[in-house]
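The structure appears right after this line, and notes come after that.
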Amino acid sequence: MLLVHGTCVDLDGRGILLRGPSGSGKSDLALRLIDGGAKLVADDQVELRRDGGRVLARAPITLSGRIEIRGLGIVSLPYVTDTALYGIVDLVAPEAVERMPEPRKVALLDAEFPVVSLAPFEASAAAKLRRFAGLIGAP
């Protein structure tokens with residue numbers, strides 16, 4: 001098992017891990033995705049574990065179903081107990097996003113995952129993340 005600082009959402013059966021430092025917009029972007037139909041998996045901390053050929057993501061038990069909404073505090077939301085991880089999004093400043101990036105992968109628990117960098121507070125961030133999830137392949 002690996003504990004990572006991040007937020008995870010389930011988009012149509014695809015787990016997407018949002019990574020970035022505190023205050024980088026992980027929960028904010030997750031909330032916009034959830035508002036558009038995604039499901040919360042974990043906020044702030046994500047447990048990753050191997051299950052055969054897959055890596056599953058879930059929330060630590062004390063954080064299950066909770067998300068921090070800046071200005072409102074910690075609130076409870078419906079959530080998915082666990083999801084298969086399909087991709088990773090690194091949240092960065094707008095100037096750090098490459099216009100035409102080369103495909104990248106990151107290894108976690110002896111599995112490789114596609115990774116992209118996005119600026120989370122751009123109006124198109126949720127749409128870009130959904131497009132990325134759609135390109136990863138069927139769950």
Side-chain angles (χ1 to χ4, degrees):
M1 200 258 311
L2 175 66
L3 184 66
V4 295
H5 176 76
T7 295
C8 186
V9 294
D10 181 292
L11 289 166
D12 300 322
R14 293 176 187 94
I16 305 295
L17 176 63
L18 308 176
R19 301 189 305 184
S22 295
S24 64
K26 297 178 299 293
S27 301
D28 186 271
L29 181 53
L31 185 62
R32 285 182 275 145
L33 291 162
I34 292 164
D35 198 44
K39 297 175 181 82
L40 174 66
V41 178
D43 184 47
D44 189 50
Q45 296 179 35
V46 183
E47 290 181 358
L48 301 176
R49 65 182 168 85
R50 287 293 294 205
D51 180 35
R54 305 180 308 164
V55 172
L56 298 180
R58 68 178 175 198
I61 205 151
T62 56
L63 300 176
S64 295
R66 297 172 187 231
I67 187 169
E68 180 184 348
I69 301 176
R70 200 169 294 252
L72 297 180
I74 301 198
V75 301
S76 295
L77 291 179
Y79 67 101
V80 174
T81 306
D82 58 49
T83 189
L85 187 62
Y86 274 75
I88 298 170
V89 176
D90 286 332
L91 303 183
V92 298
E95 60 274 8
V97 177
E98 292 182 51
R99 186 171 180 175
M100 301 290 285
E102 291 294 322
R104 294 185 301 139
K105 292 197 174 199
V106 167
L108 294 172
L109 296 176
D110 296 324
E112 286 194 338
F113 300 95
V115 59
V116 296
S117 295
L118 294 177
F121 299 114
E122 290 182 344
S124 61
K128 289 176 183 176
L129 194 148
R130 286 181 186 285
R131 178 62 61 186
F132 169 65
L135 294 173
I136 294 171

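Keep in mind it's a predicted model, so treat the numbers as computed, not measured.
With hydrophobic clusters built from ILVMFWY side chains whose heavy atoms lie under 4.5 angstrom apart, V92 does not share a cluster with F121. Note on Y79 and I69: same hydrophobic cluster, where clusters join Ile, Leu, Val, Met, Phe, Trp and Tyr whose side-chain heavy atoms are under 4.5 Å apart, directly or indirectly. In terms of hydrophobic clustering, with Ile, Leu, Val, Met, Phe, Trp and Tyr side chains grouped at heavy-atom distances under 4.5 Å, L48 and V115 are assigned to a common cluster. Residues V80 and L17 do not share a hydrophobic cluster, defined by chaining ILVMFWY side chains whose heavy atoms lie under 4.5 Å apart. The same ILVMFWY cluster, assembled from side-chain heavy atoms under 4.5 Å apart, contains both V9 and L91.
With rounding to the nearest 0.5 Å, the separation of CG in L85 from CD1 in I16 is 7.0 Å. In this structure, CD1 in I88 is found 11.0 Å from OG in S117, a value given to the nearest 0.5 Å. From L109, atom CG reaches atom CE of M1 across 9.5 Å, with rounding to the nearest 0.5 Å. Distance OG1/T83 to CG/L40: 11.5 Å, rounded to 0.5 Å. To the nearest 0.5 Å, the span separating CG on L135 from CZ on R130 amounts to 14.0 Å. Interatomic distance, L31 CG to L72 CG, rounded to the nearest 0.5 Å: 8.5 Å.
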Hey, mind stepping through V41 and V46 against side-chain contact (heavy atoms from CB on, under 4.5 Å) and telling me if it holds?
CA-CA 8 Å; V41 178; V46 183; 5.7 Å; no
Quick one: do V106 and R19 satisfy side-chain contact (heavy atoms from CB on, under 4.5 Å)? Show the steps, please.
CA-CA 12 Å; V106 167; R19 301 189 305 184; 3.9 Å; yes
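The shortest non-hydrogen separation linking P60 to L3 is CG-CD1, 4.1 Å. Scanning both residues, A119 and P94, for their nearest heavy atoms gives CB-CA, 3.7 Å. Scanning all heavy atoms of the two residues, the minimum distance from P120 to S24 falls at CG-O, 2.9 Å.
The shortest distance between side-chain heavy atoms of D43 and L63 does not fall below 4.5 Å. Counting heavy atoms from C-beta on, the side chains of R104 and D90 come closer than 4.5 Å. Counting heavy atoms from C-beta on, the side chains of L11 and L129 come closer than 4.5 Å. Taking the side chain as every heavy atom from C-beta outward, V75 and I67 approach each other to under 4.5 Å. Side chains of V55 and F113 form a contact here, defined as non-hydrogen atoms less than 4.5 Å apart. A 4.5 Å side-chain heavy-atom check between R49 and D82 finds at least one atom pair inside the cut-off. Counting only heavy atoms from C-beta outward, the side chains of R70 and S27 never approach each other to under 4.5 Å.
Checking side-chain atoms of R14 against main-chain N and O of A133 turns up a donor-acceptor pair under 3.5 Å. Side-chain atoms of K26 come within 3.5 Å of backbone N or O of P21 as a donor-acceptor pair.
Counting heavy-atom neighbours within 6.0 Å of D110 CG, excluding the residue itself, gives a total of 12 or less.
Partners of D28 under the salt bridge (charged side-chain N to carboxylate O under 4.0 Å, His left out) rule, at least two apart in sequence or in another chain, are R32. Listed by chain and residue number, nothing satisfies the side-chain hydrogen bond (donor to acceptor under 3.5 Å, both in side chains) test with R50 (two or more places apart in sequence, or in another chain).
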